[in-house]
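Every chain is numbered from 1, with letters handed out A, B, ... down the list of sequences.
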Amino acid sequence: MSGMEAVFLTIITASTPLLLAAIGELVVERSGVLNLGIEGMMVMGAVCGFGAATLTGSAWLGVGAGILGGAFMALLFSFLTQTMVTNQVATGLAITLLGLGLSGLIGSPFVGLPLEAKMNAVHIPFLSDLPFAGKVIFGQDPLVYVSVILVILVSHVLFKTRAGLIIRAVGQSHNSAHALGFPVVKIRYACIIFGGACSGLAGAYLSLSYTPQWIENMTAGRGWIALALVVFSTWIPFRLAVGAYLFGTVWILGLYVQAMGVAIPPQLLSSLPYIATIVALSLISRNKRLSVVNTPASLGKGFVADR
Amino acid sequence: MKLVLEKRSYSSKMMHMLSPVIAISLTVVMGGIIFASMGQPAFKALYLYFIEPLTSMWSVQEVLVKASPLVLIGVGLAVCFRANIWNIGAEGQLTIGALFGSSIPIMFADFQSPFALVLMLVLGALGGALFAAIPALLKNRLGVNEILTSLMLVYISKLFLDWIVRGPWKDPQAYGFPKSISFEGWHSLPLIGFGRVHIGILIVILIVAVLYWLTTRTLKGFEVRVIGSAPRAGEFAGFSQSNMVWFCLLLSGGLAGLAGILEVAGPVGQLQPSISPNYGFTAIIVAFLGRLNPVGVMMAGILLAITYLGGESVQIVLGISDKTTQVFQGMLLFFILLCDTFILYRLRIVRSLKLQKEDA
């Protein structure tokens, strides 16, 4: 494998967890809910995924457990914010703090264990043998393909189907959607749980494929960056994918600059993704045309049906 | 038949006070269930967790030491949250405050006078406030959401601290350990003769009193409440939203920075890669549990300080991971939000719509 191929390969793997978590959150925010609990859902996905894969010896059962772990935290979040109409910002923080603690507790027996059940890269006959693109695009592990398919699927459902229209209507004006007879709370429950499942999948990808082991707080702020990505994408799935790959590049850039022996403190390189997030948010917020038009109008507001 | 939430005509004063009590009880019950499911003696674990830290002089002193930064940050955040401004980067402001204040003992080690200590505390508060000014500026000028920027700055500040104690500010005599020189003489806080409790606690009490006066007796306090609960009314009253952003972020950032320098000049005694067990995040829970009210925050700070010590004691006696501390803290915030719903709403049993129609 040549140097360039390796660079592109690692960029794609670093971008995938961001993309998976962010595409779920995009759907949640399109339905009008601000979920700040992604980091907690992701880290639960990581620990459940690693734990299940280690105990059962199957990476795929691990992936399933990761999805369930994220979805479970999302269920708690939706019960609070939808049924009990709590403040979404505070509840998201609670879910993140709870997820970080709970994952540490569940994961304590797994610290330092190597992952036995690894996920194998999928080799697509013929395509994988193409020069350059073959290795970079068609020799990835299965969850990378899942992330790409999810982006296409979400984009299609949100903008080309009736279900997507309803989700966006709920996000724009929950009162109008309610008056038209749509079950606002149920739709939001479904979107939040989908978002949690995606975050859980992103977490499982981290602990099963990206760094195949369990480390406390291993999500390292990726959940928060995913949130920023959704704002950056102005709630449009394809822009989200571009953003995710840009951020993956920033994440990897540091490692390569370090490997080349450039005398820059490693801490500065590690802080690049966080600095980039602030810069990206500032740039996109300056552009009012892009950011305001697509913002779901009911984002973050609680809804109680008037009877 | 099903349960529905019905809006109360007035918010319930009783639930406002009762909610933390119910939330704490629910946390204790859930905690017992978690201990039991781990195959541990639930009652013994809960005793170790919540009661034992209050049974010896040593641990009561430690509770006060840990409660000080929590209360200091918590009262600042309470003002923010009341005004609907979400500073969740207090941990970063604490770190930068500690760094600013530490510049005196590290760069001017010979400057020994009471004035040096005062200068350290002022620089600490200044550092925290300046760091919080970044999200404030971005929010006011460009409309960037302060939640994400303040949080990203936490990661950046911690990496910066890590770099400086391994690089330029490393103690040359530390045998390769990543730490600064120890702060001595007038560069560390005088003890008040009660264990590790230092004069910082007096500063904390003073600030709680000042903020209590500010929030309940001044126009500024009124402004905070109006902008938080009815932004449009605030606009008509001529209150400026962007001034409020500055006020809240600089205040809470400054207090977090002060907490940071009090930590390194007090119990920690030097700069090192980790100077706070997530006080900045735990203080968010303190603010909510304390009803966003300075006196309430003081009580909540003591309770959360107990969870730190309780986590250590179950780890030592029963060998349970000290991650239980974070779980308890997360559950507390979770349950307090759940219970707070009943301040504005009440539960009512309604028969299904179909039945109601048949009745009519």
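- Counting heavy-atom pairs under 4.5 Å between each of A:Leu93, A:Val89, A:Thr277 and chain B puts A:Val89 at the top.
- Inter-residue side-chain proximity for A:Thr91 and B:Phe334 is flagged as unmet; no heavy-atom pair is nearer than 4.5 Å.
- For chain A, no part of B:Arg141 is nearby; none of its heavy atoms comes within less than 4.5 Å.
- Put simply, of A:Leu76, A:Ile284, A:Leu36, the one with the most heavy-atom pairs under 4.5 Å next to chain B is A:Leu76.
- If you measure heavy-atom distances from A:Thr96 to chain B, you find no contacts under 4.5 Å at all.
- Using a 4.5 Å cut-off between heavy atoms, B:Ile284 contacts chain A through its side chain alone, with no backbone atom that close.
- In terms of heavy-atom pairs under 4.5 Å with chain A, the best-connected choice from B:Leu344, B:Ile156, B:Thr149, B:Ile320 is B:Ile156.
- With a 4.5 Å cut-off on non-hydrogen atoms, B:Leu142 touches chain A through its backbone and its side chain both.
- In this structure, A:Tyr274 contributes its side chain and B:Leu153 its backbone to no donor-acceptor pair below 3.5 Å.
- Proximity to chain A (any heavy atom under 4.5 Å) is restricted, for B:Phe288, to the side chain, taken from C-beta onward.
- At a 4.5 Å heavy-atom cutoff, the contact between B:Ile34 and chain A is made by side-chain atoms alone.
- Of the candidates A:Ile225, A:Leu281, A:Val279, A:Ile225 is the only one forming a side chain to side chain contact (heavy atoms under 4.5 Å, CB included) with B:Met152.
- A:Gln267 places none of its side-chain heavy atoms less than 4.5 Å from the side chain of B:Lys158.
- Heavy atoms closer than 4.5 Å to chain A are found in the side chain of B:Ile285, but not in its backbone.
- Looking at heavy atoms from C-beta onward, B:Met331 lies in side-chain contact with A:Leu98 at the 4.5 angstrom threshold.
- Side-chain contact check for B:Trp86 versus A:Asn87: some heavy-atom pair is nearer than 4.5 Å.
- Ranked by heavy-atom pairs under 4.5 Å with chain A, the list B:Ile147, B:Asp162, B:Leu138 is led by B:Asp162.
- When all heavy atoms of A:Ser270 and B:Leu159 are compared, the closest pair comes out as C-CD1, 3.8 Å.
- Among all heavy-atom pairs drawn from A:Met84 and B:Leu338, the shortest one is CG-CD1, 3.6 Å.
- Here the side chains of B:Met38 and A:Leu105 are in contact, with some heavy-atom distance below 4.5 Å.
- In this structure, chain A has heavy atoms under 4.5 Å from both the backbone and the side chain of B:Trp163.
- In this structure, chain A has a heavy atom under 4.5 Å from the side chain of B:Ile88, while its backbone stays farther away.
- More than 12 heavy atoms of other residues, nucleotides or ligands lie within 6.0 Å of OH in B:Tyr345, so this atom counts as buried by the packing criterion.
- For A:Leu272, no part lies near chain B; criterion is any non-hydrogen pair under 4.5 Å.
- Neither the backbone nor the side chain of B:Phe328 comes within contact range of chain A; no heavy atoms are under 4.5 Å apart.
- Residues B:Leu148 and A:Ala228 come closest through the heavy atom pair CD1-CA, 3.8 Å.
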